[in-house]
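Small disclaimer: the values here were computed from a predicted structure and weren't measured. Only heavy atoms go into these numbers, but all of them, side chains included; no hydrogens, no water, no symmetry mates. In each ligand, atom 1 is the first atom listed, and ligand 1 is the first ligand listed.
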Amino acid sequence: MPLSYVSRFAIRPFRMSLAILSLIGYPFSMAKDNRVNLKELTLNETIKLVKELGKEQYTGKQLYKWIFKHGVHDFSAMTDLSKDFRELLEVAAVVKKLTLVQTFKSSDGTRKTVWELEPGNYIESVLIPDDDRLTLCISSQAGCPVGCQFCATGLGGFRRNLTAGEIYDQYLLTKLSLPDNTPITNIVFMGMGEPFLNYNNVIKAVQILNDTLGAGLAAHRITISTVGYVESIKRLADDHPHLGLAISLHSAVESTRKLLIPIAKKYSLASLKEAAKYFTEKTGERVTFEYLLIKDINDSIDDARALVEFIKGIPCKLNLIAFNKVGGTAFEPPSEKQLLAFRDYLYPRAPVVTLRKSMGADIGAACGQLAGRLKKPR
Ligand code: SF4
């Protein structure tokens with residue numbers, strides 16, 4: 001079809017649709033040329049857009065499936081859409097994607113991928129094989145404003161929130177890089193950033209992950225992790241009760257928690273406990289507490305005792321992880337003896353305790369090590 005034809009018949013509805021989309025608030029995220037980035041639209045938004053462009057709901061579903069299930073970025077390859085409509089899309093829309101920069105493979109099978117958002121701005125995601133699971137740990141922010149003292153992301157400062165499309169892309173592009181039919185079984189929002197500080201975009205990405213025309217992942221396979229924003233914990237329980245919740249506790253001693261996590265000065269342990277109970281009561285699910293053991297900071301038997309006291313009355317699981325050395329902090333990993341003593345104190349007193357292996361430490365992919373910088377791992 002000659003361009004003049006497309007121009008005459010496509011530009012007019014395109015201009016109209018742009019005006020309508022502006023009015024109804026579609027995100028034109030980062031589309032410098034004003035074309036709509038379809039990676040940023042939920043299914044309902046895609047259908048709405050397609051209807052504005054004169055097509056049926058069914059076409060919206062087809063388009064959405066090409067983008068989010070099949071990972072197709074080129075309209076010409078969407079062969080079950082009419083040629084006219086594909087040409088219209090070329091003018092009105094775009095499907096953006098993250099740029100893959102570097103992949104690191106650990107001796108334990110963990111794989112870290114560095115993605116570029118825009119020149120010089122990097123994020124990371126980590127693929128972790130574990131028995132019959134393949135878990136993808138994804139980022140929700142470039143950097144992090146929270147500034148936890150043990151975390152390379154926090155120490156590197158905050159750059160910006162990720163869009164829903166950028167969050168989803170970490171899943172989609174990783175999935176496309178795997179051998180055929182290798183399923184990513186679980187998603188954890190434990191990469192760079194505090195998900196609750198980017199709540200709307202995280203939830204939008206979760207909806208696409210959950211959607212059968214998107215990734216089709218069951219909600220209970222998706223876990224949101226937080227350092228303890230209590231209002232958001234309750235909001236998640238109210239709005240999305242089927243998602244998993246992990247809380248980075250790291251200490252049940254108020255003064256120690258304040259030392260490690262700056263927002264603990266605002267949210268007391270009592271308020272965090274109340275929010276965790278609210279979540280479990282509202283959802284009927286257990287909450288997971290993450291506890292990073294740091295030598296001489298939170299690894300004593302007194303600390304374990306405080307932890308047992310804190311979790312009383314909360315249906316929960318406890319994940320213990322040994323701290324991994326992060327440049328820029330004086331913190332050290334606990335000794336093996338202390339680690340086991342801490343775990344053994346908890347075993348008869350806490351419901352479910354797992355001492356997790358630190359995966360990917362040799363490639364800077366372990367808990368707390370994601371820095372979003374381009375450098376060779378030690
Ligand atoms: S631990 Fe999480 S919340 Fe704290 S600085 Fe790191 S990324 Fe941010």
Open item on the list: Which of the numbered atoms in ligand 1 are under 4.0 angstrom from any heavy atom belonging to Cys151?
Closed with: 1 (S), 5 (S), 6 (Fe), 7 (S)

Task: Residue Gly147 vicinity, atoms of ligand 1 by number, heavy atom under 4.0 Å - done: 5 (S)

TODO: For the residue pair Phe342 and Tyr291, categorise the inter-ring angle as parallel (less than 30°), tilted (30 to 60°) or perpendicular (more than 60°).
DONE: tilted

- [ ] For Gly154, counting its heavy atoms only, list the atoms of ligand 1 lying under 4.0 Å from any of them.
- [x] 5 (S)

Task: Gap between atom CZ of Arg343 and atom OH of Tyr347 - 0.5 Å precision - done: 4.5 Å

TODO: Considering only non-hydrogen protein atoms, determine which one is nearest to atom 2 (Fe) of ligand 1 and report residue, atom name and distance to 0.1 Å.
DONE: Gly193 O, 4.1 Å

Open item on the list: Quick test of your reading of the model: are Glu166 and Arg160 salt-bridged, counting only N-O distances below 4.0 Å?
Closed with: yes

TODO: Provide, to 0.1 Å, the distance between atom 4 (Fe) of ligand 1 and the closest protein heavy atom, together with that atom's residue and name.
DONE: Cys148 SG, 2.4 Å

Task: Of Thr163, Thr46, Asn201, the residue whose pairing with Glu40 passes side-chain hydrogen bond (donor to acceptor under 3.5 Å, both in side chains) - done: Thr163

Task: N, O or S of Cys144 under 2.8 Å from atom 8 (Fe) of ligand 1 - done: yes

TODO: Using the six-membered ring wherever Trp is involved, compare the ring planes of Tyr199 and His240 and label them parallel, tilted or perpendicular (cut-offs 30° and 60°).
DONE: tilted

